[in-house]
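The figures that follow rest on heavy atoms only: side chains count, while hydrogens, waters and symmetry mates do not.
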Amino acid sequence: MKLYFSRNPNPRLGVAAARYLKAELAFEFASPMAPGQGEQYLKLNPNLSLPILAWPGGSLWEADAIACRLSREARSEFWRTGEDEPDMIRWLSWGKENFVRACDMVHFERGTKQRYGLGPIDQEKVSEGLREFLKAAAILEAELALRQWLVGTSLSYADFRMATFLPFNDVAGLPLDDYPALSRWYRRIEAIDAWRDPFEGLDAPPLQPVPGQGTEAR
């Protein structure tokens, strides 16, 4: 199998999950949206988005689905399959509609748009994203004050998914430090090699720098 990826947030998540699980697959940097590149990836993912897991005769797209498959193949509880599975799915669903979405809104304006020249920062969108972040972060703060991980007593994919945009906070500038338990939780994730530098040893060109910012390390 081969995992097609880039350094953007969701592909990064897919690579981090694969490397945490020590999945036996090849990694290939890809740019489906680049001029002249789309056609070769359409049969793998009609959305032309990354990550994509491919094998002879088939493919799977979306980071969550890929993490599920790789975890099953590794016989790992990283993707919960027992009594904790509903709780994990609860956090995946809530996170993508609340905390992760809020992080994405702010990062898109301050990071993605500036990196790729997609227009000026929309301060109203930033303000909306920050309002949503504050609401969601307060909920996570209360939950993580009671335990180290979101599900059960050990790391799960829910933790990785919730943290999708936090490696990019040098450009997003979200007030993570205002939430001690949330910050401690993220430091625990950052201590995991597969998360801290999922691209180690891979051919993965760095992201374009955001004007006015240094090149992101991840």
Side-chain angles (χ1 to χ4, degrees), residues 7-17 20 63-64 67 78 84 87-116 118-198 206-207 209-218:
R7 283 184 177 261
N8 290 310
N10 279 304
R12 184 193 191 279
L13 171 64
V15 174
Y20 176 77
D64 295 355
F78 180 58
D84 284 340
D87 197 27
M88 186 192 70
I89 292 172
R90 179 263 301 267
W91 285 118
L92 293 180
S93 177
W94 179 87
K96 290 183 76 172
E97 290 298 319
N98 293 274
F99 185 79
V100 179
R101 178 174 172 271
C103 295
D104 188 5
M105 290 175 67
V106 178
H107 176 264
F108 180 75
E109 294 297 329
R110 292 176 170 174
T112 302
K113 283 177 68 175
Q114 308 317 302
R115 176 174 290 115
Y116 298 114
L118 302 178
I121 295 173
D122 185 333
Q123 296 297 345
E124 289 188 6
K125 289 290 187 182
V126 171
S127 296
E128 181 185 355
L130 288 173
R131 287 194 298 271
E132 294 302 314
F133 174 84
L134 296 179
K135 289 192 295 184
I139 292 171
L140 285 176
E141 178 71 12
E143 294 285 341
L144 291 167
L146 304 175
R147 56 184 182 274
Q148 288 194 326
W149 304 107
L150 288 172
V151 181
T153 58
S154 62
L155 177 81
S156 74
Y157 179 69
D159 297 292
F160 271 27
R161 166 48 82 185
M162 196 71 72
T164 301
F165 285 88
L166 298 185
F168 304 85
N169 204 38
D170 53 347
V171 294
L174 296 161
L176 194 65
D177 291 342
D178 291 348
Y179 301 90
L182 184 55
S183 296
R184 286 194 298 271
W185 163 79
Y186 188 59
R187 287 196 294 272
R188 286 190 287 273
I189 296 176
E190 280 261 285
I192 299 166
D193 290 341
W195 182 266
R196 185 174 59 255
D197 187 6
L207 286 170
V210 174
Q213 299 274 346
T215 303
E216 285 179 282
R218 301 175 180 85

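- Of all non-hydrogen atoms in Leu92 and Ala158, the two that sit nearest each other are CD2-CA, 3.8 Å.
- The pair Arg101-Asp104 fails the salt-bridge criterion, with no side-chain N (NZ, NE, NH1 or NH2) lying under 4.0 Å from an Asp/Glu carboxylate O.
- The two atoms that bring Gly129 and Met105 nearest to each other are N-CE, 3.8 Å, heavy atoms only.
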task = Could you walk me through whether Thr164 and Cys103 pass the side chain to side chain contact (heavy atoms under 4.5 Å, CB included) test, one step at a time?
result = CA-CA 9 Å; Thr164 301; Cys103 295; over 6 Å; no
For residues 138-150, which side-chain N or O atoms pair as donor and acceptor with protein atoms under 3.5 Å away, sequence neighbours left out?
from	atom 1	to	atom 2	distance (Å)
Glu141	OE1	Ala181	N	3.2
Glu141	OE1	Leu182	N	3.0
Glu141	OE2	Ala181	N	3.0
Glu143	OE1	Arg147	NH1	3.1
Glu143	OE1	Arg147	NH2	2.8
Arg147	NE	Trp149	O	3.2
Arg147	NE	Leu150	O	3.3

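- Side-chain atoms of Leu174 and Leu130, non-hydrogen and from C-beta on, do get closer than 4.5 Å to each other.
- Checked by atom type and distance alone, the side chain of Glu109 pairs as donor or acceptor with a backbone atom of Asp122 at under 3.5 Å.
- Across every non-hydrogen atom of Val171 and Gly111, the tightest pair is CG2-CA, 4.1 Å.
- Side chains of Tyr157 and Trp91: no donor on one and acceptor on the other come within 3.5 Å.
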inquiry  = Walk me through whether Met162 and Ile189 qualify under side chain to side chain contact (heavy atoms under 4.5 Å, CB included).
reply    = CA-CA 11 Å; Met162 196 71 72; Ile189 296 176; over 6 Å; no
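- Proximity of a side-chain donor or acceptor of Glu128 to a complementary backbone N or O of Ala102 within less than 3.5 Å is not detected.
- One distance of note links OH of Tyr20 with CZ of Phe160; it measures 6.5 Å at 0.5 Å rounding.
- Counting heavy atoms from C-beta on, the side chains of Arg161 and Asn10 come closer than 4.5 Å.
- The shortest side-chain heavy-atom distance between Arg110 and Val126 falls under the 4.5 Å cut-off.
- Arg188 and Asp159 are not joined by a salt bridge, as no carboxylate oxygen comes within less than 4.0 angstrom of a charged side-chain nitrogen.
- Contact annotation: the side chain of Trp195 approaches that of Pro167 to within less than 4.5 Å [non-hydrogen atoms, C-beta and beyond].
- Taken to the nearest 0.5 Å, the CG atom of Leu176 stands 5.5 Å off from the CG atom of Leu166.
- Side-chain atoms of Glu132 never come within 3.5 Å of backbone atoms of Phe99 as a donor-acceptor pair (strictly under, hydrogens ignored).
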request  = Could you walk me through whether Asn169 and Tyr186 pass side chain to side chain contact (heavy atoms under 4.5 Å, CB included), step by step?
outcome  = CA-CA 12 Å; Asn169 204 38; Tyr186 188 59; over 6 Å; no
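- Nearest approach of Gln114 to Pro120, heavy atoms of both residues: NE2-C, 3.8 Å.
- The shortest side-chain heavy-atom distance between Val106 and Phe133 does not fall under the 4.5 Å cut-off.
- Dense packing is recorded around NZ of Lys113, with more than 12 heavy atoms of other residues, nucleotides or ligands lying under 6.0 Å away.
- Of the inter-residue distances, the one linking Phe168 atom CZ with Arg7 atom CZ reads 9.0 Å to the nearest 0.5 angstrom.
- For Arg187 and Glu190, the salt-bridge test fails: no basic side-chain N is under 4.0 Å from an acidic carboxylate O.
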